[in-house]
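The next block holds one structure in the form of structure tokens; read it before the comments.
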Amino acid sequence: MADPDAAPLDLDWAAGEPVVPARKVAISIRLDRDLVEHFKRGGDGYQSRINAVLRAYVEARCKGDRA
């Protein structure tokens, strides 16, 4: 409030609901070395990025199944 440069926040959190992330399952998977190196070059969180790519693939495939 005291910061004149701060943008006003006109947010109504009354209808907000907490989101609990899905539990992860620890597995062992064999991937091509170049794929792993590509994701690792992005720094920490490479496993989460691999998960995100797989999630996008599955969601795209499921979307096609519904059409």
Side-chain angles (χ1 to χ4, degrees):
M1 292 255 219
D3 185 352
D5 297 324
L9 294 178
D10 233 2
L11 301 174
D12 180 9
W13 294 96
E17 295 182 28
V19 176
V20 179
R23 284 208 150 163
K24 304 286 191 217
V25 177
I27 64 166
S28 175
I29 184 173
R30 295 182 187 278
L31 301 171
D32 294 336
R33 180 181 306 271
D34 60 325
L35 294 176
V36 175
E37 289 172 355
H38 170 80
F39 283 95
K40 280 188 170 185
R41 278 194 297 273
D44 289 344
Y46 75 94
Q47 291 173 324
S48 294
R49 287 190 297 279
I50 292 171
N51 188 78
V53 169
L54 292 171
R55 163 83 42 220
Y57 173 81
V58 168
E59 287 176 359
R61 293 288 297 208
C62 290
K63 189 180 209 179
D65 291 345
R66 285 184 251 139

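We number each residue from 1, following the sequence as shown.
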Between CD1 on residue I29 and CD1 on residue I50, distance to nearest 0.5 Å:
8.0 Å
CD-CG distance between E37 and L31, expressed to the nearest 0.5 angstrom
12.0 Å
Let me confirm one number: the CZ-NZ distance from R49 to K40, rounded to the nearest 0.5 Å.
11.5 Å
Distance from F39 atom CZ to D34 atom CG, nearest 0.5 Å?
10.5 Å
Joint cluster assignment, Y46 & L54, ILVMFWY side-chain distance < 4.5 Å
yes
Are V58 and I27 co-members of a hydrophobic cluster defined by side-chain heavy atoms under 4.5 Å apart?
no
